[in-house]
Amino acid sequence: MATQLPTTDIRIGADLIRRRKGGTPIVCLTAYTYPIARLLDPHVDLLLVGDSVAMVLHGHETTLGASLEMMIAHGQAVMRGSARPCVVVDMPAGSYEESAMQAVASARRIVGETGCQAVKLEGGVDMARQIAAIVAADIPVMGHIGLQPQSVEKDGGYKIKGRTDETVAALIADALAVEKAGAFSVVIEGTIETVAADIARRIAIPTIGIGASGDCDGQILVIDDMVGLTVDRVPKFVKQYADLRSVITHAAERYASEVRDRVFPGPSHVFSKTNGGDDA
Ligand code: KIV
């Protein structure tokens, strides 16, 4: 049974994140589940229910495996597990690119069915109309420029952006377009460090870096990468703060050998007529 969440009536909103521009760095992580949201709640300013969930938890090869229903289910779990951080839910590929009308309908569904504080979508100049329309519908939007995982098939892989004058100009144009469209913040992923730092100086909304620059206004990592749970490719820019793969592997090895040797269950894990009570 779920225990009580810490009570707080101050859920951080998108507006508060926007006002953190240039201040103490904004701490962000992805979260997809109730228990992880519970654990991260006291430590982060923002939880992103990223469409990386399709790869990390569902085993898809790319984030294109995410659906609106998947994002909503994980968004609901993270909202149940957190009380304080701003929760942002990713708009999956196919839910917003077609038109501003489609984008607003999908964003309304995500916010309506999860109660999250904001949505995130990938794109710059090309998605400015969608961002502006969602903001006009009173739903805060986080942008996402640079390496855009939803475009990985089009781009021929996970490629760093900003190596040529042309791509630097495109990145700056994207950042300015996202800001002008009314986004409250923007993720900058997989870019040359100096380009991300320059964008952070140029725009008035917080920049959240991932493989970008320490000069961004905040940082984000995928939770499973950060705690060493990811079983497939881990991007070069990740710093691993724990090795949960080893912890789980060792626990599974011990459990398997204790079951085979009839060591588990021991006397304290079984019931007799005289011990315990009726509660499991
Ligand atoms: O989906 C995701 O996890 C993301 C972050 C990496 C920013 O978009």
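Numbering of residues begins at 1 and proceeds along the displayed sequence. All values below were derived from every heavy atom in this structure, side-chain atoms included, with hydrogens, water molecules and symmetry-related copies excluded. We count ligands from 1, going down the list as the structure has it; atoms in each ligand are counted the same way.
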Quiz item: Does an N or O from Ser52, backbone or side chain, lie closer than 3.5 Å to an N or O of ligand 1?
Solution: yes
Practice problem: Please could you name the atoms of ligand 1 that Asp90 approaches to less than 4.0 Å, counting only its heavy atoms? | Solution: 1 (O), 2 (C), 8 (O)
Quiz item: Is the side chain of Glu122 donor-acceptor paired with the backbone N or O of Gln150 at a distance under 3.5 Å, no angle test?
Solution: yes
Practice problem: Determine the interplanar angle of the His269 and Phe264 rings, folded into 0 to 90°, and report it as parallel if under 30°, tilted if 30 to 60°, perpendicular if over 60°. | Solution: tilted
Practice problem: May I ask you to decide if Ala197's main-chain N or O and Asp215's side chain share a donor-acceptor pair within less than 3.5 Å? | Solution: no
Quiz item: Does Lys161 pair with Asp155 as a salt bridge, N-O distance under 4.0 Å?
Solution: yes
Quiz prompt | Any Thr63 heavy atom less than 4.0 Å to ligand 1 | solution = no
Self-check item: Contact (N/O only, under 3.5 Å) between Tyr32 and ligand 1
Solution: no
Quiz item: Residues two or more places apart in sequence or in another chain: which of them pass side-chain hydrogen bond (donor to acceptor under 3.5 Å, both in side chains) with Glu97?
Solution: none
Quiz item: Which ligand 1 atoms, with their elements, are less than 4.0 angstrom from a heavy-atom of Gly50?
Solution: 1 (O), 2 (C), 3 (O)
Quiz item: Can an N or O of Thr30 be found at a distance shorter than 3.5 Å from an N or O of ligand 1?
Solution: no
Practice problem: Would you please determine whether Glu122 falls within less than 4.0 Å of ligand 1 on a heavy-atom basis? | Solution: no
Quiz prompt | Nitrogen or oxygen atoms of Asp51 and ligand 1 under 3.5 Å apart | solution = yes
Self-check item: Polar side-chain atom of Arg80 near backbone of Thr33 as donor-acceptor pair, under 3.5 Å
Solution: no
Quiz item: Short list, please: which atoms of ligand 1 are under 4.0 Å from a heavy atom of Ile210?
Solution: 6 (C)
Self-check item: Side-chain H-bond candidate by donor/acceptor type, Asp225 with Thr230, under 3.5 Å
Solution: yes
Quiz item: Which one of Ile223, Leu48, Asp224, Leu29 has a non-hydrogen atom at the shortest distance from atom 4 (C) of ligand 1?
Solution: Leu48
Quiz prompt | Protein heavy atom at shortest distance from atom 8 (O) of ligand 1 | solution = Lys120 NZ, 2.9 Å
Quiz item: Donor-acceptor pair, Gln117 side chain versus Val88 backbone, under 3.5 Å?
Solution: no
